[in-house]
Amino acid sequence: MSPYAAGRRRVHRSVAAVVPLAVAAALLSARSADASAPAAQAEVVGTATLRDVPLGAFSNGLLPGTVADDRGVDLGGIGSDIYPAGRKGEFWTVTDRGPNGQIKVNGSKRRTFPVPGFDPAIVRIKVTGDTVRVLRAVPITTSSGKPVTGLPNQAGRDEAPYSYDARTALSYDPNGLDTEGVVRAADGSFWLVDEYGPSLVHVSARGEVLTRYVPRGLGLTGADYPVVEALPSVLLHRKVNRGFEGLAQLPGGDLVMALQSPLSLPDTGAGEASLTTRLLRFSPKRKAVTAEYAYRFDPVGVVDPGEDDTSELKISSVVAVGGDRLLVEERTDRAARLQVVRLDRKADILGGRWDDDTTSPSLEQLADPAASGVPVLAKRLAVDLGTVAGVPGKIEGVARVDHDTLALINDNDFGMTDGAGAFDAQGRLVDSGIETKVVHVRLPRGI
């Protein structure tokens, strides 16, 4: 058997006239001292790095024969999300679709898949000191036990796949998943989200896809597992490669999915300029979406000082923090801020005019949705990770360890970069040197 397999409310008190002057003076002195003292800062309290594991050995140890040539790529990409595994220092993580990049050919970008046989996997890790070890991995498979692969599904909707050098076209795969968020249900099964559909995917404890929930009207055929059109059809307007990325499990078992970016509604330009994306609530018991919420990004220069391209904003992680409260990560590849929001029932827009793709202007086109009567979710900044020394770039996974501590994980993109220089003349990876890291951050005031 493979070593990877097995299957604050603030209370304000005033100084009344009856308080002795000496006591009042002491109180005022204390307040002045507090005001002049430096504010407590979030800080990194631990950093661990994933050990090198050849991707071919990892994949073939799970499903023999899936990877013929890993082109010198090591296991990476497990930073797509992180979820507590119930034991100290242990977490569930999930890979994305595998090594991929972009190369320009005749002025057009082509999406490359250097290891097309790679099968996305759910990976259990343990953080010990400065090291991250793989304890177990669960390959994601079809109903017949075959790898789902990370290849795109549909021509004309997804980017066309190419070989590592962008010279040879590869086949689409209706089973393919670009897996992102992960949570584990009480029965041991897993829920994942996917960027292609976008989809919500229910996976057994052994990794078999039980059901893939997709938008109505997607028309995905040929998949070797059940595909159910149960999500709002407006999601068909998701930006290419920007479907669902964040996933949270609420205390009662409901799931919350976050669209990584605003919908391209009515067109790409509107989506690129928009600050409004959407969260959806899904009931596993009812097997249906039960609520939808408008979420408003901060301006890109607030999230990432110096960045002026609004389309760089993304939600990569959502974390349940009690009741109907969530921690939402707004990020670019260089910076991230975590916001606390509450899923107010009065903010539900499901099935209304904003789910009608003929509504004009669309939700995404509104410069101030609240002024147009849209109940945008209120939010409060919990921490600006861009100001915390030691936090790597491209944080995609966030987990709550305790009241004061978060575990963060970055997506290292399997050490790949874009462009023809990603591989040498022999077709071997020229590694970026970016490692997968799990960073623990302590918040002075908790969440």
Side-chain angles (χ1 to χ4, degrees), residues 55-56 59 66-77 80 95-120 147-180 194-198 220 222 236-243 245 260-261 264 267-273 307-314 332-334 393-394 396 411-434:
L55 189 58
S59 296
T66 51
V67 173
D69 183 358
D70 64 16
R71 299 193 175 278
V73 179
D74 285 331
L75 174 64
S80 287
T95 70
D96 55 22
R97 58 187 171 178
N100 68 92
Q102 289 184 315
I103 295 176
K104 275 190 175 183
V105 177
N106 298 324
S108 298
K109 290 181 179 179
R110 290 182 174 179
R111 178 65 62 181
T112 66
F113 290 81
V115 190
F118 173 76
D119 182 53
V148 298
T149 83
L151 294 168
N153 303 153
Q154 297 173 300
R157 176 167 175 77
D158 301 317
E159 297 166 297
Y162 285 86
S163 59
Y164 82 98
D165 55 4
R167 295 178 182 176
T168 305
L170 303 176
S171 298
Y172 289 85
D173 182 359
N175 293 314
L177 294 171
D178 186 2
T179 46
E180 295 292 343
D194 150 77
E195 296 216 55
Y196 287 142
L220 178 63
L236 294 173
H237 295 275
R238 66 98 174 95
K239 179 179 178 179
V240 173
N241 197 31
R242 296 279 187 94
E245 183 150 308
Q260 184 180 18
S261 298
S264 297
D267 52 33
T268 299
E272 298 280 88
E307 178 59 70
D308 60 3
D309 185 353
T310 296
S311 70
E312 289 297 313
L313 290 170
K314 312 171 184 74
T332 66
D333 283 354
R334 300 181 304 190
K394 206 174 184 185
E396 290 199 6
D411 179 6
N412 81 324
D413 292 321
F414 291 82
M416 274 197 63
T417 57
D418 288 333
F423 293 86
D424 63 21
Q426 286 72 48
R428 313 308 289 172
L429 179 70
V430 178
D431 199 288
S432 68
I434 299 173

Audit row: K314, E245, salt bridge (charged side-chain N to carboxylate O under 4.0 Å, His left out) steps and yes/no: CA-CA 9 Å; K314 312 171 184 74; E245 183 150 308; over 6 Å; no
Is a side-chain donor or acceptor of [X] paired with a backbone partner of [Y] at a separation under 3.5 angstrom?
{"X": "T168", "Y": "S163", "result": "no"}
{"X": "N412", "Y": "I434", "result": "yes"}
{"X": "R110", "Y": "E159", "result": "no"}

Considering all heavy atoms, the nearest [X]-[Y] contact:
{"X": "L151", "Y": "L170", "result": "CD2-CD1, 4.4 Å"}
{"X": "P152", "Y": "F113", "result": "CD-CZ, 3.7 Å"}
{"X": "E195", "Y": "G243", "result": "OE1-N, 3.1 Å"}
{"X": "R157", "Y": "G197", "result": "NH2-O, 2.7 Å"}
{"X": "N153", "Y": "Y196", "result": "OD1-CB, 3.6 Å"}
{"X": "S432", "Y": "T417", "result": "CB-CG2, 3.8 Å"}

Supply the atom-to-atom distance [X] [atom1] to [Y] [atom2], rounded to the nearest 0.5 angstrom.
{"X": "F423", "Y": "R71", "atom1": "CZ", "atom2": "CZ", "result": "7.0 Å"}
{"X": "R111", "Y": "D418", "atom1": "CZ", "atom2": "CG", "result": "6.5 Å"}
{"X": "D178", "Y": "T149", "atom1": "CG", "atom2": "OG1", "result": "10.5 Å"}
{"X": "S264", "Y": "K239", "atom1": "OG", "atom2": "NZ", "result": "7.0 Å"}
{"X": "D96", "Y": "D413", "atom1": "CG", "atom2": "CG", "result": "7.0 Å"}
{"X": "N100", "Y": "F414", "atom1": "CG", "atom2": "CZ", "result": "8.5 Å"}

Carboxylate-amine/guanidinium proximity below 4.0 Å for D158 and R238: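 Here D158 pairs with R238 in a salt bridge, since their nearest N and O are under 4.0 Å apart.
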Carboxylate-amine/guanidinium proximity below 4.0 Å for D69 and R428: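 Salt bridge between D69 and R428, a charged N being under 4.0 Å from a carboxylate O: yes.
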No-hydrogen, no-angle side-chain donor-acceptor test under 3.5 Å, D119 and T66: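 No, because no side-chain N or O of D119 sits under 3.5 Å from a partner of the opposite role on T66.
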S108-N106 side chain donor-acceptor pair, cut-off 3.5 Å: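 Per modelled atom types, S108 and N106 side chains form no pair under 3.5 Å.
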Do [X] and [Y] touch side chain to side chain, with heavy atoms closer than 4.5 Å?
{"X": "L55", "Y": "V67", "result": "no"}
{"X": "T95", "Y": "F118", "result": "yes"}
{"X": "M416", "Y": "P99", "result": "yes"}
{"X": "V148", "Y": "P120", "result": "yes"}

Test log, rule side chain to side chain contact (heavy atoms under 4.5 Å, CB included), inputs T332 and D309: CA-CA 10 Å; T332 66; D309 185 353; over 6 Å; no
Criterion side chain to side chain contact (heavy atoms under 4.5 Å, CB included) on E396 and E180, from CA distance to verdict: CA-CA 9 Å; E396 290 199 6; E180 295 292 343; 3.4 Å; yes
Side chain to side chain contact (heavy atoms under 4.5 Å, CB included) between D333 and E307, intermediate numbers included: CA-CA 10 Å; D333 283 354; E307 178 59 70; over 6 Å; no
